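Notes follow once the structure below has been shown.
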Number of protein chains: 2
Amino acid sequence: MPQRQKRDPLKMSETENSTAIPQDFDGLKAIILERKAQLPKRLRQVAAYALDNPDEIAFGTAASIATSADVQPSTLVRFAQHFGFEGFSSLQQIFRARLRERTPGYDERLRALSGNDHSKLESGSIFNGFVAAAHRSLDNIASSVEPEAFERAVNILADAETIYLVAKRRSYPISGYMAYAFGKLKVRYQMVGTAAGIDDDILAMAGSKDAAFAVSFSPYASESVNQAKLLASRKVPVVSLTDSAFSPLAESSKVWFELVEADHAGFRSLSASMAFAMALTVAVAEKRRRIAEEQAME
Amino acid sequence: MPQRQKRDPLKMSETENSTAIPQDFDGLKAIILERKAQLPKRLRQVAAYALDNPDEIAFGTAASIATSADVQPSTLVRFAQHFGFEGFSSLQQIFRARLRERTPGYDERLRALSGNDHSKLESGSIFNGFVAAAHRSLDNIASSVEPEAFERAVNILADAETIYLVAKRRSYPISGYMAYAFGKLKVRYQMVGTAAGIDDDILAMAGSKDAAFAVSFSPYASESVNQAKLLASRKVPVVSLTDSAFSPLAESSKVWFELVEADHAGFRSLSASMAFAMALTVAVAEKRRRIAEEQAME
DNA sequence: GGAATCGTGGAATGAATATTCTATTCTTCA
DNA sequence: TGAAGAATAGAATATTCATTCCACGATTCC
């Protein structure tokens, strides 16, 4: 990095007026947060980016960071000078020092997970418990979900005109999130079971060109099971996510996944299910994009 | 870093003869140690320096490192090329990546993932990516959520008569799941923003004896932000979950948590958020149970 | 409402950078 | 010993870099 000659000391005093130049990352973060309200538009944009992507600042070049943050390189320099630094490079040193000081040792991780500060407080152990359970759940699906089955599920859903999402109660947030993602990805979908009463009408529109994704964990919501059955009888291919090979959903499904969320104190979170749902959603969208590309080629 | 045109492929094959180019720091370290004995004098000098001062390699320039290691800059380039890299810069990336990935346990998981069957199929890599991202997210919250803040949040919500849940769009599944869990746990709650139009009426019922939990990630839904502001102005304590210190939610919140979900290919799942939400929900319910017990004793 | 200050975008600039090239020194084996 | 090859040092080069500068909008303040 260029180490230019120092600026005129007299001019320096103009900028470093009120507070001292921060010497470490925490100090810098504090000052940025303190002044964030008074910062001009672009500088605030840089501030937000810097605190959200400190690693990028540490390693990137002014040009690359500027592109990522959607700002001019000169804005980065102005930002640094605004906080009393000589230029962008000296600001960058703070971000680099932050990475240097961190001990990337095995010990730290171990302490963070088992014996960290959280366990000192009463609620802390609950927090730790759920984080650990989520880790276990993820380890679980990585091994229990068969790649071939996943591939088949993606193909089924990618070929569908409309994807019907069936989920109730505990599973509902999963389909809710998929609905959100499908919407963003421009994949046509239809949620089943939002408003009471009209479900049958919605399901009546489903045909063999469509597909469905059903989620239900024990104790299985009878509605979801029945709706999956109904769809299967109408030749709509069903992909399902459930927690047991004996799930009533399995019989109605062309492909189904067994996903057991690890629990903490009897409560299960949805961490692994969410990762699975997102993977499936994106994989389907990606597959569709590729199909569309191939068709455009012809 | 200068990205020159590729070298002559024929000349390339001279260098990258036997083994593949290492992709991570551990692999590089192994190869260096393996070949260290056969290395020429200056290259061995560089090898020793590199393994002893990895941070210097990560942050320094070729010139500065060369001076420290008492070597010519060109020697660094030759060293990098000796191990199959295109130049010094690409070797440096390895050292930088090492600092970026703060979690040592994560490396193993990633390698375990990329080595399993999933990577053979096209959709498999997407699946792996999201599982890995979820792991990273969980590692993140374990260190970024302060136990004291968590404790305060639990206290606020446990003392509330009714808990108002504020979330839109991407965050909606989180509050949806909390609503489900609160219902099972017999904690009085009220979702905000389900049916259009009546939100203001619902919020009008909230008072200082209640509390709110708001979730919003960038790009922040203006509705959520406004509703949190409104609640705060009505003396309703607000606990919030968001992804940046710059989140507009932070201003209105008594306690707020910064939780950045790791992304895969630009898509973020909700795995860590779900674990957090569940931990908070159960911790609140647990706290309430204890309060109720204490009152019963009197 | 006009002047003045501040913030911004974008091109210009020279310093610094990684890399290549070549002359020289050091090994190695006949 | 002496030639052939590898390894090295150091200058040369093209590129990239952070920074500066200036013109143009946007605010703010009389």
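Keep in mind that this is a model prediction, so the values were computed, not measured. Labels below follow one simple rule: chain letters A, B, ... track the order of the sequence lines, proteins then strands, and each chain is numbered from 1.
Atom-to-atom, CZ of A:Phe79 to P of D:dT20 comes out at 17 Å; the value is rounded to the nearest Å. With rounding to whole Å, B:Glu86 atom CD is found 11 Å from C:dA18 atom C1'. Taking atom CD1 of A:Ile65 as the reference point, atom P of D:dA18 lies 7 Å away to the nearest angstrom. Remark: P of D:dT27 and CD of A:Gln38 are 18 Å apart, rounded to the nearest angstrom. Going from atom CD of A:Gln45 over to atom P of C:dT8 covers 9 Å, rounded to whole Å. When the P atom of C:dT17 is taken as reference, atom CD of B:Gln92 falls 11 Å away, rounded to whole Å. Distance, B:Phe88 CZ to C:dT20 C1': 16 Å, rounded to whole Å. To the nearest angstrom, P of D:dA6 lies 18 Å from CZ of B:Arg44.
Checking C:dG10, C:dT20, D:dT19 against every side-chain atom of A:Ser74, the shortest atom distance belongs to C:dG10.
At the heavy-atom level, B:Pro73 lies under 4.0 Å from base atoms of the strands shown. A:Leu76 comes within 4.0 angstrom of nothing in the nucleic acid, heavy atoms only.
Side-chain atoms of B:Asn226 come within 3.5 Å of backbone N or O of B:Ser222 as a donor-acceptor pair.
Here B:Arg78 does not reach the OP1 or OP2 of D:dA7: none of its side-chain N or O atoms lies under 4.0 Å away. OP1 or OP2 of D:dT19 sits under 4.0 Å from a side-chain N or O of A:Ser89.
Side chain to side chain, B:Ser224 and B:Ser216 fail the donor-acceptor criterion of an N or O pair below 3.5 Å.
Heavy atoms of other residues, nucleotides or ligands lying less than 6.0 angstrom from CZ of B:Arg234 number more than 12.
Mapping B:Ser90 and A:Gln72 onto DNA chain C via the closest heavy atom, the residue that lands nearer the 5' end is A:Gln72.
Evaluation of atom-type donor-acceptor distances gives no pair under 3.5 Å for the side chain of A:Thr75 against the base of C:dG7.
Ring pair B:Phe59/A:Phe59: centre-to-centre distance below 6.0 Å. When ring centroids are compared, B:Phe276 and B:Phe257 come within the 6.0 Å threshold.
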